[in-house]
Amino acid sequence: MQFNKSLIAWYSVNKRELPWRNTKEPYYIWLSEIILQQTQVKQGLPYYEAFVHQYPTVFELANAKEEAVLKLWQGLGYYSRARNLHATAKYVAVELDGIFPDNYTDLLKLKGVGDYTASAIASFCFNEVAAVLDGNVYRVLSRYYGIHTPINSTEGKKVFKALANDAIDIENPAEYNQAIMEFGAIQCKPSGPDCLICPLIESCAAYRKNEISILPVKIKNKKPKNKYFNFLVYISDSDKTVIEKRVGKGIWQNLYQFPLMETEKSIDETEFLKRLNSVESFQDVTLFNSVDIVHKLSHQHLHTKFWIIKTQELPEKGTDISQIEDYAVPVLIKNFIEEFNFEYEI
DNA sequence: AATACGGGGGA
DNA sequence: TCCCCAGTATT
């Protein structure tokens with residue numbers, strides 16, 4: 001059997017039951033695809049359920065506050081996805097009367113929708129012949145055809161795109177796209193793939209040449225950069241603290257945090273007080289964590305200290321401590337809030 | 001052509 | 001530690 005027909009046959013037997021597989025409604029497909037970008041099904045699933053429950057149609061999502069969307073997205077990462085999700089919902093609801101574009105070219109124009117997502121929606125919802133190319137597809141194709149071109153190089157993207165367009169089943173692009181991704185996700189896994197029960201074992205170049213473990217080839221990531229964060233956790237006599245919105249560029253845009261003092265290296269209390277007192281009058285300061293909390297992102301390692309500052313008056317307008325859970329915060333801040341337990345402290 | 005952008009999980 | 005994940009936008 002051909003490569004694509006074999007995958008479809010495999011898929012019909014082995015596919016997982018997932019909520020977005022029971023619909024062709026573009027809103028649900030789009031929502032699931034945005035959530036699943038660089039995110040495993042297991043991690044994204046509860047978020048998908050929450051969004052569908054909270055925003056059953058594109059109109060509810062469009063009418064929501066961005067703050068509410070970010071709060072529901074909290075913990076999933078890559079927050080530009082949530083901001084773009086909301087912006088696109090507003091665009092589709094208002095400008096397109098709630099009707100999503102019905103083809104690859106127009107879908108691609110939506111914020112947060114790139115080549116992969118446009119292909120996925122176009123094929124799943126409208127059966128357009130548009131081959132998806134995600135991490136799973138790269139792996140399956142590179143192994144099956146024995147391609148050593150790095151998948152994250154410009155050349156590689158070109159080569160694999162051509163291969164994907166060549167392999168797609170033009171009679172059933174939706175099934176084929178689902179099939180090759182599912183196959184990559186649960187059988188042709190990054191490590192320890194189940195080759196011995198693989199329907200493609202006879203014709204798989206990587207298996208024949210014993211290259212399963214070295215394919216796909218990928219250009220290595222650069223080392224993450226170290227950063228040193230000091231969060232100023234104020235507690236006033238009237239049980240307020242200071243929390244502020246992250247604006248501008250960089251990570252966690254539009255999420256909330258305690259006032260941040262970033263330093264070149266890890267600092268001690270003397271150094272901290274020196275920098276703090278150059279701005280403010282006396283405070284009672286204690287360090288929450290004696291050892292830096294290292295929050296690891298894919299491109300940054302954040303060495304973090306939380307400084308508890310008890311004070312009569314806040315340096316700026318405060319927020320009731322009882323309300324901090326309402327704000328969308330990075331996981332680093334969320335973990336601190338849970339561990340610190342303000343209620344016990346005040 | 002590179003880099004920024006999160007967080008969780010597997011080996 | 002390092003790699004991967006239903007990638008996209010910006011530089």
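First the proteins, then the strands, lettered A, B, ... as listed; each starts at 1. Every heavy atom of this structure was used, including side-chain atoms; hydrogens, water molecules and symmetry mates were not.
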request  = Using the P atoms only, state how far C:dT10 lies from B:dG6, rounded to an integer number of Å.
outcome  = 14 Å
ask   = Does CD in A:Glu269 sit with more than 12 non-hydrogen atoms of other residues, nucleotides or ligands closer than 6.0 Å?
value = yes
ask   = Looking only at atom P, what distance separates C:dA6 and B:dA11, rounded to whole Å?
value = 14 Å
message = If you count every heavy atom of other residues, nucleotides or ligands that lies below 6.0 Å from A:Glu60 atom CD, does the total exceed 12?
response = yes
ask   = Does a side-chain N or O from A:Trp252 land closer than 4.0 Å to OP1 or OP2 of B:dA4, or not?
value = no
key: Position toward the 5' end of DNA chain C (nearest nucleotide), A:Lys223 or A:Ser32   = A:Lys223
query = Using a cut-off of less than 4.0 Å, is there contact between a side-chain N or O of A:His295 and OP1 or OP2 of B:dG6?
reply = no
message = Would the base of C:dA6 count as contacting A:Arg21 through its side chain, where contact means a donor and an acceptor less than 3.5 Å apart?
response = yes
request  = Please determine if a side-chain N or O atom of A:Lys42 lies less than 4.0 Å away from the OP1 or OP2 oxygen of B:dG8.
outcome  = no
query = Mind checking the C1' distance from B:dC5 to C:dC4? Whole angstroms is fine.
reply = 16 Å
request  = Name the nucleic acid region contacted by A:Gln300, choosing base, sugar-phosphate or nothing; use a 4.0 angstrom heavy-atom cut-off, strictly under.
outcome  = sugar-phosphate
Using atom names, set out every protein N or O paired with an N or O of nucleotides 7-11 of chain C below 3.5 Å, distance rounded to 0.1 Å.
residue : atom : partner  : partner atom : Å
C:dG7   : OP1  : A:Gly135 : N            : 3.0
C:dG7   : OP2  : A:Gln38  : N            : 3.0
C:dG7   : OP2  : A:Gln38  : NE2          : 3.4
C:dG7   : O5'  : A:Gln38  : N            : 3.4
C:dT8   : OP1  : A:Gly114 : N            : 2.7
C:dT8   : OP1  : A:Gly114 : O            : 3.3
C:dT8   : OP1  : A:Thr117 : N            : 3.0
C:dT8   : OP1  : A:Thr117 : OG1          : 2.8
C:dT8   : OP2  : A:Asp115 : N            : 3.3
C:dT8   : OP2  : A:Tyr116 : N            : 3.2
C:dA9   : OP1  : A:Gly112 : N            : 2.5
C:dT11  : OP1  : A:Lys249 : NZ           : 2.7

inquiry  = I'd like to know if A:Asp326 and A:Lys71 make a salt bridge, using a cut-off of under 4.0 Å between side-chain N and carboxylate O.
reply    = no
task = Give a yes/no on whether any side-chain N or O of A:Lys222 is located under 4.0 angstrom from OP1 or OP2 of B:dT3.
result = yes
query = Quick one: is A:Arg81 getting a side-chain N or O under 4.0 Å of the B:dG6 phosphate, OP1 or OP2?
reply = no
inquiry  = Taking salt bridge (Lys or Arg N to Asp or Glu O under 4.0 Å) as the definition, give me every residue that meets it alongside A:Lys111, ordered by chain and number, with sequence neighbours left out.
reply    = none
Separation between the C1' atoms of C:dT8 and B:dG9, rounded to whole Å = 23 Å
query = Are A:Leu260 and A:Ile293 connected, step by step, through hydrophobic side chains (Ile, Leu, Val, Met, Phe, Trp, Tyr) whose heavy atoms are closer than 4.5 Å?
reply = yes
inquiry  = If the cut-off is 4.0 Å, is A:His299 near the phosphate of B:dC5, judged by side-chain N/O to OP1 or OP2?
reply    = yes
